[in-house]
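To find a chain, count down the sequence lines: A is the first, B the second, and so on, and within it residues start at 1. Please read these numbers as outputs of a predicted model, since none were measured by experiment.
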2 protein chains.
Amino acid sequence: MKYSKKERQKLLQQTIIDNPFVTDEQLASQFNVSVQTIRLDRMELSIPELRERIKGVAAHNFENDVKSLPIDEVIGDIIDIELDERALSIFDVKEEHVFQRNGIARGHHLFAQANSLAVAVIDDDLALTVHSEIHFVKPVRAGDRVISKALVTGKDDSKSRTFIELTSTVENEVVFAGKFEMYRTKGKGEK
Amino acid sequence: MKYSKKERQKLLQQTIIDNPFVTDEQLASQFNVSVQTIRLDRMELSIPELRERIKGVAAHNFENDVKSLPIDEVIGDIIDIELDERALSIFDVKEEHVFQRNGIARGHHLFAQANSLAVAVIDDDLALTVHSEIHFVKPVRAGDRVISKALVTGKDDSKSRTFIELTSTVENEVVFAGKFEMYRTKGKGEK
DNA sequence: TCAAAAATTAGCACTTGGTACTAATATCAG
DNA sequence: CTGATATTAGTACCAAGTGCTAATTTTTGA
């Protein structure tokens, strides 16, 4: 049985959202209508053609890439940063980050946010975590907004090390704390 | 003055990296050569055509959106486990786990494997990481197969704690080591 | 029930940004 | 000057469309 026009258009819309790479021809055979019908549908719904859709996705990506190249490698959104001094990031805990069984966030997500922030705060092309001591102070749950603060507390230039103290809070309560020892390739300000 | 073939191709490459959305025609006028020359250049450098480039960027984006961080409950495949004793897991490092800049795996992936394993080895409905001290001993790269071993070394039943020693190796070389202090709700064997 | 309206299908010319291929020129180096 | 290399030109063809007209089918309302 064929769908009504409305139903088809609704499904069409969702299908294209799910997979913007689909051609009119594929859609036509999927919905058992002619290519022309699909085109009319797209027009009515103001859905651009395949190439324009792809360009859109790519352009979006590109923009994000350009201005978030350092940030792209980060878990959580960095909202404030002062290189070699401090940094702040937000991470919204969602269903997929918690144990189904008890709704508590898996430790490695909190660590990932912290570790990413520790890497980001270092003013260097390359920063690696060497050592870290961490405390999971209080369970975090889906829906919580975790704010991570990284503070550079010291350096050992001879060993190319930077020391960072990290605290994550939910509504002003500490949930995670850690010390990070990071390795950097170059000293501050070098090029 | 026109560039030499080599110079032009070098610039061409960079130009396309900087802006993959540029057409052959635009490139031709930019370098003051014919469109055909640009096409020959692209062929020699194996640079795909505009649409394929854009599709690549878009597809990359699409994938990355899905896999940017471990969503799965357990990171790595657990291949052997003896509850409350020891456990073993394998994690194959792929391109998406490493820094683009230097090809070294991001620390939180290694931590995630370790942490997942520490949680799994505990014979309890609910285990949480309380404290952890970790060392990133040696850089791990895409293509490496990381084998994590968790060993339960002690317990403090009065505090509901389990202590675990964890070692991750690549081809028998230690790359990551850590001690984990885990919290469990119930004692061993309880139900 | 039957005609008008709405929806669908068909067909054709044209567009972009190419590929694949052939052939003619231009340029440079020994 | 000649042969190799580089460049340009031109043709046919492709995918995935747009834009347009026209025909056919389906639905609906009086």
Atom CG of A:Leu50 and atom C1' of D:dG17 are separated, to the nearest Å, by 9 Å
Grab the NZ-P distance between B:Lys55 and D:dG17 for me, whole Å please. 11 Å
Between P on D:dA6 and CG on B:Leu12, what's the gap in Å once rounded to a whole number? 15 Å
Please report the distance, rounded to the nearest Å, between CZ in B:Phe31 and P in D:dT8. 13 Å
Does a distance-only test, which skips hydrogens and angles, find a donor-acceptor pair under 3.5 Å between the side chain of A:Arg51 and the base of D:dA15? yes
Determine whether the side chains of A:Ser89 and A:Gln113 contain a donor N or O and an acceptor N or O closer than 3.5 Å. yes
Nucleotide D:dA16, atom C1' - distance to CD of B:Glu52 in whole Å: 13 Å
Is there a donor in the side chain of A:Ser34 and an acceptor in the side chain of A:Thr37, or the other way round, less than 3.5 Å apart? yes
Can you tell me how far P of C:dG17 sits from CD1 of B:Ile16, to the nearest Å? 14 Å
Under the criterion side chain to side chain contact (heavy atoms under 4.5 Å, CB included), I'd like the reasoning laid out for B:Ile16 against B:Val22: C-alpha separation, chi angles, the key distance, then a yes or no. CA-CA 7 Å; B:Ile16 291 176; B:Val22 69; 4.1 Å; yes
Enumerate the residues from residues 36-49 of chain A whose closest heavy atom to DNA chain D is under 4.0 Å, giving them by residue number; use none for an empty result. A:Arg39, A:Arg42, A:Glu49
Among B:Leu27, B:Ile38, B:Leu12, exactly one meets side-chain contact (heavy atoms from CB on, under 4.5 Å) together with B:Val33. Which residue is that? B:Ile38
Whole-Å distance, A:Glu25 CD to D:dC14 P, equals 14 Å
Give a yes-or-no answer on whether the side chains of A:Arg184 and A:Thr162 include a donor-acceptor pair shorter than 3.5 Å. yes
Whether B:Arg8 contacts D:dA6 is assessed here as follows: a side-chain N or O lying under 4.0 Å from the phosphate OP1 or OP2. Is that the case? no
Output the rounded distance in Å from CZ (A:Phe21) to P (D:dG17). 13 Å
For this output row, return yes or no: ring centroids of A:Phe180 and A:His131 closer than 6.0 angstrom. no
